Amino acid sequence: SAVISQKPSRDICQRGTSLTIQCQVDSQVTMMFWYRQQPGQSLTLIATANQGSEATYESGFVIDKFPISRPNLTFSTLTVSNMSPEDSSIYLCSGGEGDGQPQHFGDGTRLSIL
Amino acid sequence: GENVEQHPSTLSVQEGDSAVIKCTYSDSASNYFPWYKQELGKGPQLIIDIRSNVGEKKDQRIAVTLNKTAKHFSLHITETQPEDSAVYFCAATTGGSYIPTFGRGTSLIVHP
């Protein structure tokens with residue numbers, strides 16, 4: 001199964017700044033995803049990162065706030081822009097082969113906004 | 001869209017006991033059901049999965065059962081150990097989709 005690495009593992013940021021989270025997979029994967037997880041809560045899908053094209057965002061998430069890149073089949077970034085305390089959360093990257101196949105997750109980025 | 005209900009939200013057992021976590025789904029077209037274990041400070045880790053053409057699957061102390069008619073599936077952990085303590089998530093994926101719908105999670109606590 002694919003091994004997913006995320007950087008940074010945690011960060012504390014100032015209000016109004018932006019942070020880019022990196023996700024590296026040790027093998028090529030068809031699909032990559034970004035999730036948000038509030039402490040003690042389930043996973044909420046932010047977007048599907050599409051290789052070579054714009055990401056597909058879920059309802060409630062927009063490109064201006066969460067720009068995503070996926071330049072190849074092993075790497076993706078998520079930027080959290082113009083951060084506010086409400087953006088404090090765990091951000092998870094996952095990868096998989098799509099329909100009927102498991103997703104594998106990184107250990108997440110724990111983000112706190114002051 | 002798909003809706004996945006997971007119960008209980010918290011489960012406390014003694015070491016050596018069995019633990020059962022149950023999930024129901026709404027979309028009869030769902031055909032893939034993974035279970036994830038999330039330890040504190042870690043990402044979710046796939047522990048077992050089952051497809052709709054199978055009724056039961058086992059892997060050592062872990063088993064998953066699926067009842068398509070009733071649209072529910074369950075995770076069974078036997079001979080629980082303190083290291084089984086974690087949050088467990090069920091999920092359901094509709095055929096043709098690549099995005100699972102997750103349950104709300106079960107916090108399993110195994111007391112030594």
Side-chain angles (χ1 to χ4, degrees), chain A residues 1-10 21 23-26 29-51 55-61 78 89-112, chain B residues 1-10 21 23 25 27 29-54 57 59 62 64 66 75 86-109:
Chain A
S1 61
V3 176
I4 313 267
S5 301
Q6 276 185 245
K7 288 194 300 186
S9 59
R10 60 179 67 244
I21 303 167
C23 179
Q24 179 74 55
V25 191
D26 69 340
V29 290
T30 303
M31 314 297 298
M32 292 184 75
F33 306 91
W34 288 97
Y35 289 83
R36 186 168 71 184
Q37 185 179 32
Q38 305 284 13
Q41 302 295 317
S42 190
L43 289 75
T44 300
L45 182 65
I46 297 172
T48 303
N50 301 310
Q51 192 259 331
T56 304
Y57 290 85
E58 297 298 304
S59 176
F61 298 97
L78 168 75
S89 191
I90 301 168
Y91 292 85
L92 292 157
C93 170
S94 73
E97 290 306 312
D99 187 16
Q101 299 299 318
Q103 292 186 25
H104 300 281
F105 288 83
D107 280 340
T109 296
R110 282 143 187 83
L111 185 57
S112 297
Chain B
E2 176 65 280
N3 181 49
V4 176
E5 299 285 340
Q6 183 172 347
H7 298 281
S9 57
T10 304
I21 302 170
C23 289
Y25 61 98
D27 190 343
S30 288
N31 61 1
Y32 176 64
F33 307 90
W35 284 88
Y36 289 88
K37 175 184 181 182
Q38 187 174 27
E39 298 176 332
L40 197 62
K42 299 287 189 180
Q45 178 187 9
L46 180 74
I47 56 172
I48 196 166
D49 56 8
I50 192 167
R51 289 179 171 78
S52 58
N53 59 348
V54 176
K57 183 177 179 181
D59 183 2
I62 294 173
V64 57
L66 171 65
L75 178 71
V87 178
Y88 291 81
F89 292 97
C90 64
T93 307
T94 302
S97 172
Y98 43 78
I99 299 174
T101 300
F102 287 89
R104 300 184 68 165
T106 296
S107 177
L108 173 64
I109 303 166

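Proteins get letters first, then strands, A, B, ... in listed order; numbering begins at 1 in each. Source: prediction; values computed, not measured.
- With a threshold of 4.5 angstrom between heavy atoms, B:Pro34 does not approach chain A through any atom at all.
- Chain A forms the most heavy-atom pairs under 4.5 Å with one residue out of B:Gly105, B:Pro44, B:Ser52, and that residue is B:Pro44.
- Among B:Ala91, B:Gly103, B:Gly41, B:Ser107, the residue with the largest count of heavy-atom pairs under 4.5 Å with chain A is B:Gly41.
- Looking at A:Thr48, only its side chain comes within 4.5 Å of chain B, counting heavy atoms on both sides.
- Only the side chain of B:Tyr36 has a heavy atom closer than 4.5 Å to any heavy atom of chain A.
- Residue A:Gln6: no heavy atom, backbone or side chain, is found under 4.5 Å from chain B.
- Using a 4.5 Å cut-off between heavy atoms, A:Arg110 touches chain B through its side chain atoms alone.
- If you measure heavy-atom distances from B:Gln38 to chain A, the contacts under 4.5 Å come from the side chain alone.
- Each of A:Glu97, A:Met31, A:Arg10, A:His104 has some count of heavy-atom pairs under 4.5 Å with chain B, and the biggest count is that of A:Met31.
- For B:Arg104, the parts sitting under 4.5 Å from any heavy atom of chain A are the backbone and the side chain alike.
- For chain B, the nearby parts of A:Gln101 are the backbone and the side chain; heavy atoms of each come within less than 4.5 Å.
- In this structure B:Glu39 satisfies the salt bridge (Lys or Arg N to Asp or Glu O under 4.0 Å) test together with B:Lys37, sequence neighbours excluded.
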